[in-house]
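Residue numbers begin at 1 in each chain, while the letters A, B, ... track the order of the sequences. These numbers come from a predicted model, not from an experiment.
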Amino acid sequence: GAVVSQHPSRVICKSGTSVKIECRSLDFQATTMFWYRQFPKQSLMLMATSNEGSKATYEQGVEKDKFLINHASLTLSTLTVTSAHPEDSSFYICSASREGGGEKLFFGSGTQLSVL
Amino acid sequence: GENVEQHPSTLSVQEGDSAVIKCTYSDSASNYFPWYKQELGKGPQLIIDIRSNVGEKKDQRIAVTLNKTAKHFSLHITETQPEDSAVYFCAAREGTYKYIFGTGTRLKVLA
């Protein structure tokens, strides 16, 4: 199957610090990875689309300087929440689609970020 | 752009009964419609999907139907079990890579 690994699953940090979340496709190469944010009992909100070797495309209203995305290889994308504040507390989920097309989207297990 | 509406927001069924969740979409160019199951504290898991050139697809107790003319698609779960309890999301693919998700249905299967 297609496995997407996301770490950490849960992180608690102090306000003002930065947090990095990793997303890896374990058994396939992912040309494109996506980062979502999900509030309790709500749907998934696309934050940005990450393409290997190029700058991420951010959705309207998402601060690119706040949420830094790096897609350095075909199997790894990272999301860094910089200078985190309590309002950044949320469930962050990555997803990936296979290189060469393939419409199926596979999700990581999510990261619960709590900023104190 | 694409807009996906999902109903109902919550659904309770007795174990063994069927559950149906419906979604409508707005962009007639959308051609791929996946369904995801999300358990508490976990990422969504793809359970079934359908392309626009197919009207129905079935995988054991799960089936999806698509009506392109009416622009709606539905998830059918038969012989529900307590482990089917979760939040279900429909989605429509807009363009090549962008997926628009429905608002989710919280399914509770009562033993």
Side-chain angles (χ1 to χ4, degrees), chain A residues 1-11 21 23-25 30-52 54 56-60 71 90-114, chain B residues 1-11 21 23-25 29-54 57 59 64 66 73 85-108:
Chain A
V3 179
V4 176
S5 175
Q6 185 174 343
H7 292 282
S9 59
R10 185 178 296 273
V11 58
I21 303 170
C23 181
R24 294 180 183 271
S25 56
T31 309
T32 305
M33 289 186 173
F34 306 87
W35 288 94
Y36 294 83
R37 184 172 180 177
Q38 187 178 35
F39 292 103
K41 297 186 178 181
Q42 293 192 23
S43 189
L44 295 86
M45 182 187 77
L46 179 65
M47 298 174 65
T49 301
S50 165
N51 290 294
E52 185 264 337
S54 62
T57 302
Y58 289 82
E59 294 298 301
Q60 191 173 11
H71 193 157
S90 189
F91 193 58
Y92 293 88
I93 318 172
C94 70
S95 67
S97 58
R98 291 180 184 270
E99 182 189 25
E103 56 221 346
K104 295 185 189 295
L105 198 60
F106 301 98
F107 283 86
S109 52
T111 297
Q112 182 64 53
L113 171 63
S114 299
Chain B
E2 177 68 278
N3 182 49
V4 177
E5 295 189 358
Q6 183 173 346
H7 298 282
S9 57
T10 59
L11 178 61
I21 302 171
C23 288
T24 60
Y25 61 100
S30 293
N31 60 8
Y32 175 67
F33 308 91
W35 284 89
Y36 290 88
K37 175 184 180 182
Q38 186 179 27
E39 297 178 337
L40 189 63
K42 297 184 179 179
Q45 178 186 15
L46 178 67
I47 56 172
I48 197 166
D49 55 6
I50 191 167
R51 301 190 73 187
S52 58
N53 59 350
V54 176
K57 185 177 178 181
D59 182 4
V64 56
L66 171 66
F73 56 111
S85 297
V87 179
Y88 292 81
F89 290 98
C90 64
R93 187 175 67 169
E94 178 183 57
T96 307
Y97 293 116
K98 192 168 183 178
Y99 293 75
I100 308 300
F101 286 85
T103 48
T105 296
R106 189 170 301 274
L107 174 65
K108 185 178 291 186

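- The most heavy-atom pairs under 4.5 Å with chain B, out of A:Leu44, A:Thr111, A:Val4, come from A:Leu44.
- With a 4.5 angstrom heavy-atom cutoff, A:Thr49 does not touch chain B via any of its atoms.
- Evaluation of the salt bridge (Lys or Arg N to Asp or Glu O under 4.0 Å) rule for B:Lys108 yields no partner, not counting sequence neighbours.
- Nearest heavy-atom pair across A:Ser43 and B:Phe101 is OG-CB, 3.5 Å.
- Residues meeting the salt bridge (Lys or Arg N to Asp or Glu O under 4.0 Å) test with A:Arg37, sequence neighbours left out: none.
- B:Tyr99 OH to A:Leu46 CG: the interatomic distance, rounded to the nearest 0.5 Å, is 11.5 Å.
- Summarising the geometry of A:Leu105 relative to B:Tyr36, their closest heavy-atom pair is O-OH, 2.7 Å, with the distance given to 0.1 Å.
- Looking at every heavy atom in both residues, A:Gln38 comes nearest to B:Phe89 through NE2-CZ, 3.5 Å.
- Taking chain A as the reference chain and counting heavy-atom pairs below 4.5 Å, the highest number among B:Arg51, B:Arg106, B:Gln6 is found for B:Arg51.
- Here the CD-OG distance, from B:Glu39 to A:Ser109, works out to 12.5 Å after rounding to the nearest 0.5 Å.
- Of the inter-residue distances, the one linking A:Phe34 atom CZ with B:Lys98 atom NZ reads 10.0 Å to the nearest 0.5 angstrom.
- Of the atoms belonging to B:Gln38, it is side-chain heavy atoms, and not backbone ones, that fall under 4.5 Å from chain A.
- Heavy atoms closer than 4.5 Å to chain B are found nowhere in A:Gln112, neither backbone nor side chain.
- For the set B:Pro44, B:Ala91, B:Gly43, the entry with the most heavy-atom pairs within less than 4.5 Å of chain A is B:Pro44.
- In plain terms, the two heavy atoms of B:Lys42 and A:Phe91 that are nearest each other are O-CE2, 3.6 Å.
- For chain A, no part of B:Pro34 is nearby; none of its heavy atoms comes within less than 4.5 Å.
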